[in-house]
Amino acid sequence: MSNITFPFKRYTITSALPYANGPLHIGHLAGAYIPGDIYVRFLRLNAKDVVYVCGSDEHGAAITIKAKKEGTTPQAIIDKYHAQIKESFEQFGISFDIYHRTSEKIHHELSQEFFLNLYEKGEFIEQVTEQYYDEEFHQFLADRYITGTCPNCKSEGAYGDQCEKCGTSLNPTDLINPISTLSGKPPVLRETKHWYLPLDKYQPWLEKWLLEGKKDVLKPNVYGQCRSWLKSGLQPRSMTRDLDWGVDVPLEEAKGKKLYVWLDAPIGYISATKQWALDTGNDWEKYWKKQPDAADDACLIHFIGKDNIVFHCITFPSILHAHGEYILPENVPANEFLNLEGDKLSTSRNHAVWLHEYLNEFPGKQDELRYVLTSILPETSDSEFTWRDFQARVNNELVAIFGNFVNRVLVLSHKYFDGKVMPVNHLTDTDRLIFSELERYPKHIAGSITQFRFREALAQFMNVARLGNKYLADSEPWKLIKTDEERVKTVLNVSLQLAANLAIMAQPFLPRTAQRMFDMLNFSAHGWQDAGSNTLLPAGHQLGEAQLLFEKITDEQVNAQLAKLSQAKEANANITKDVPEAKNNIVFEDFVKMDIRAGKILAAEKVAKTKKLLKLTIDTGLDERTVVSGIAEFFSPEEIVGRQVSILVNLEPREIKGILSQGMILMVEDADGRLDFVAPQTTVQTGSVIR
RNA sequence: UGCGGGGUGGAGCAGUUGGUAGCUCGUCGGGCUCAUAACCCGAAGGUCACUGGUUCGAGUCCAGUCCCCGCUACCA
């Protein structure tokens, strides 16, 4: 039997709130939900007092923008995706005690309570700044919704935060002739007041609590991120925004302003718990607030992806700390990112495996995806999902090792003993060895799970099935049945005990499969304390019918998925983006000022430590000169040497990364940002004038 | 450029406090036939990115270099 010690009486577990402006994909599942669910199911199997909460994050500008684009309301958007996301979670067995939503009244009230608590304590810094305001739409504009002329390169269409042409990062007020993308009219500057949380003030406390207290608790990737942030010094963060979709700031003077995400989304964890407590007659404060005796405090754990580390390790704890009555997270086991077939998952480019589509295309195979994702969780570094790997893991591991063992045992039992568990006659040394090995697994697996090493835990679990297959191969009951039926009874009894153990230990990882096994073994669900026992199934127990737990993934299924991804890629390439607006007319004299020539690339090399820059040596017909060009992402130095190009030769030279660039290569940029050379169709004499 | 993470047999990864380098898949050979051509055994395959250093001993600690990923900068 396993004796695992749990230092806490109570557990509050959260998984990141998904943003309700789109469906979920496998990256979400692998980042925050599968790890959280395995952990929670494991705690429950150990009869721990645990609440697992999550919900949709339903506020913010992105949702209003999406609504506008689709000609609908924010409410319709969040209703649609909240329902879809909730359904996906249910289907994959992510066992939240409650899946709530931040648009609920109880959440608005609690967020406002938090704000007022901090406000009345005088925690906030109030600051008035000038922001652009759209008079027609009666709202302040987010940086990205203002465009204008870049003060640096003079190109038009620069955004309020950055000019995409020259890369300079900007403030909206830097733009020349700013235009609101909402109304198409120039915005006006207007003063607005906001409430800032002085993170700098909490820095000493954070350094103590986090850098000292969590050094050996947090994973290296999480700890490193936080240390990096603290090292560069924290700045006050605005807790309010001029938005029109969110929780109202509960102050008379802040009419029309909303709480920003920091004081909205994470409070969702708490409001969800509150609602759960109301529904079930529990006391939510026991899960979130400091108890009179600190030994009674709950253990708070946030499961998130790496994009959320700073938010959960610095901002939210600071808020909880400033409030004072709340417990702080014990750990934040953030995962890195999951890639798909060599590329980043991308919602906008539709490079993803969507959960709602998977459910349609692989009905009943939720545990297969859970298994594969668990075995490749990006726990220490980014990892990769490929459909070939998915197929290999399902076929070679789930089907061949696990499913096959269970099937063998049941088929043999039905064949020889009508599906009855036979008594053990005499245990050989081999049998005892099997039992003693079996006994070790629950502890190993528990140790891995409590350390958030879920891949390792799952691999250990599979070793139990391997142990069973080896035992059968070594014992050869199909041969023994002809000579020694008594021995076969014992062998099958031992094998069945292994299978029953597999059912128990599968529960955190493969909940549907575990249930099917319980049904098949005609055996009720058991807690973790029973794992490791070799007397789970008593002699005379009647087993159910044998069914296959898993079936193979075919090449056709894999190919169909691969085809789907490349179709998405193609469709993507064909999207016609908005063609930039025409610039103002210029006179012919302006045009002829430009001296453009046909040149030839004599040499090319990557500029060290840059991503985009190539240093080119160009024969212009007039001279040989150096040009630095931002094309390294699309062209390797080798492939372009000798190539004919168009070069603007009388452009004022400029130093880039310490290299003097004399001129500019003419490139054309297509919709997805790909560059290509603009050059004569046939080889012309180097130095020929282009006009 | 700054910060963080990572670089381990063909592929994907483990290696906790320094003490003979492991796992899964793949490959090759063998065994078995109860089982979804599934299972079991064995073998080949690694100068643990590189260079120095600490140490009796380093994948593991220290310093430096290179490469990959994320955020950041560089596109004249």
Side-chain angles (χ1 to χ4, degrees), chain A residues 152-155 163-169 216 219-229 231-232 306-307 309-310 336-337 339 344 375-386 388-389 392-393 395-401 403-416 447-448 451 453 455-456 458-460 462-463 465-466 468-481 488 491-492 495 546 548-552 607-614 627-633 648 651-659 661-665 667 669 675:
Chain A
N152 190 24
C153 69
K154 313 292 184 219
S155 71
C163 170
E164 303 218 319
K165 283 282 175 296
C166 71
T168 312
S169 61
D216 301 314
K219 305 202 299 180
N221 58 334
V222 177
Y223 186 80
Q225 268 304 319
C226 297
R227 195 181 47 194
S228 158
W229 267 70
K231 216 162 105 187
S232 57
K306 72 170 161 187
D307 49 330
I309 289 175
V310 175
E336 301 284 302
F337 285 150
N339 294 323
K344 276 204 293 187
S375 61
I376 59 170
L377 287 176
E379 289 172 351
T380 52
S381 56
D382 291 356
S383 64
E384 173 140 340
F385 179 95
T386 67
R388 290 274 166 230
D389 182 65
R393 287 182 191 274
N395 293 1
N396 302 333
E397 299 177 25
L398 277 184
V399 173
I401 312 274
N404 186 37
F405 170 66
V406 174
N407 188 44
R408 293 170 85 181
V409 178
L410 278 164
V411 166
L412 285 169
S413 294
H414 279 284
K415 194 176 271 186
Y416 300 149
S448 300
Q451 292 175 80
R453 298 155 74 128
R455 286 196 310 211
E456 183 181 85
L458 184 68
Q460 297 269 8
M462 286 301 285
N463 281 340
R466 288 195 172 91
N469 277 320
K470 179 167 166 52
Y471 177 68
L472 282 183
D474 292 347
S475 309
E476 300 184 306
W478 48 92
K479 278 190 186 165
L480 281 177
I481 193 67
V488 173
V491 168
L492 285 187
S495 303
L548 298 178
L549 288 177
F550 308 101
E551 41 188 44
K552 291 193 169 189
V607 178
K609 307 198 178 196
T610 65
K611 193 158 86 180
K612 300 181 179 174
L613 302 185
L614 286 187
V627 174
V628 176
S629 189
I631 58 176
E633 286 178 300
L648 178 61
L651 186 67
E652 195 63 43
R654 172 156 172 166
E655 192 167 300
I656 300 165
K657 301 301 278 182
I659 302 164
S661 180
Q662 306 162 284
M664 175 169 170
I665 305 298
M667 306 294 292
E669 182 177 7
L675 298 177

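Each chain gets a letter, A, B and so on, in the order its sequence line appears, and its residues count up from 1. Computation of the quantities below employed the complete heavy-atom set of this structure, encompassing side-chain atoms and omitting hydrogens, waters and symmetry-equivalent molecules.
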Which value, in whole Å, describes the distance between the C1' atoms of nucleotides B/rU24 and B/rC66? 30 Å

Check: A/A392 main-chain N/O paired with A/N396 side-chain donor or acceptor under 3.5 Å: yes

Hey, does the side chain of A/S495 reach the backbone of A/V409 with a donor-acceptor pair shorter than 3.5 angstrom? no

Give none if B/rA21 has no partner; otherwise give the nucleotide forming a Watson-Crick or G-U wobble pair with it, both distances under 3.5 Å. none

Nearest-nucleotide wise, let me know which of A/Y471 and A/V399 is further upstream toward the 5' end of RNA chain B. A/V399

A/L548 CG - B/rA37 P separation (whole Å): 10 Å

So, is A/K219 close to the B/rG5 phosphate, meaning a side-chain N or O under 4.0 Å from OP1 or OP2? no

Could you give the CG-to-P distance, from A/L472 to B/rC41, as a whole number of Å? 12 Å

Side chain of A/R455 (C-beta onward), nearest among B/rC13, B/rC40, B/rU36: B/rC13

Please report the distance, rounded to the nearest Å, between CG in A/N469 and C1' in B/rC34. 11 Å

How would you label the contact of A/F550 with the nucleic acid (heavy atoms, under 4.0 Å): base, sugar-phosphate, or nothing? base

Side-chain N,O (A/K479) to OP1/OP2 (B/rC32) below 4.0 Å: no

How about A/N469 and A/I401: do any of their side-chain heavy atoms sit closer than 4.5 Å? yes

Watson-Crick or G-U wobble partner for B/rC66, using a 3.5 Å limit on both distances? B/rG7

Using a heavy-atom cut-off of under 4.0 Å over every strand shown, decide if A/K470 touches base, sugar-phosphate, or nothing. sugar-phosphate

Find the partner of B/rU60: check Watson-Crick (N1-N3 plus N6-O4 or O6-N4) and G-U wobble (N1-O2, O6-N3) distances, both under 3.5 Å, and reply none if neither fits. none

Who is the Watson-Crick or G-U wobble partner of B/rG29, with both distances under 3.5 Å? B/rC41

Think A/K415 has a side-chain N or O under 4.0 angstrom from the OP1 or OP2 of B/rA35? yes

Whole-Å distance, A/L492 CG to B/rA35 C1', equals 13 Å

Per-nucleotide protein contact string for nucleotides 22-30 of chain B, where B marks a base within reach and S marks sugar-phosphate only (heavy atoms under 4.0 Å, - for neither): --SSS----

Of A/L398 and A/D389, the one whose closest nucleotide on RNA chain B sits nearer the 5' end is A/D389

A/W478 has an atom CH2; how far is it from atom P of B/rC34, in whole Å? 8 Å

How close or far is atom P of B/rA35 from atom CD of A/E551, stated in whole angstroms? 19 Å

Between A/R408 and B/rC39, is there a contact of a side-chain N or O with OP1 or OP2 at under 4.0 Å? no

Looking at every strand, decide which applies to A/V411 at a 4.0 Å heavy-atom threshold: base, sugar-phosphate, or nothing. sugar-phosphate

Identify, with sequence neighbours excluded, every residue that meets side-chain hydrogen bond (donor to acceptor under 3.5 Å, both in side chains) alongside A/Q451. none

OP1 or OP2 of B/rG15 less than 4.0 angstrom from a side-chain nitrogen or oxygen of A/R453, does that happen here? yes

Would you confirm whether A/K219, through its side chain, and A/E379, through its main-chain N or O, come within 3.5 Å as a donor-acceptor pair? yes

For a quick check of understanding: with a heavy-atom distance under 4.0 Å over all strands, which category does A/L549 fall into, base, sugar-phosphate or nothing? base

B/rG6 versus B/rC41 - spacing of their C1' atoms, nearest Å: 36 Å

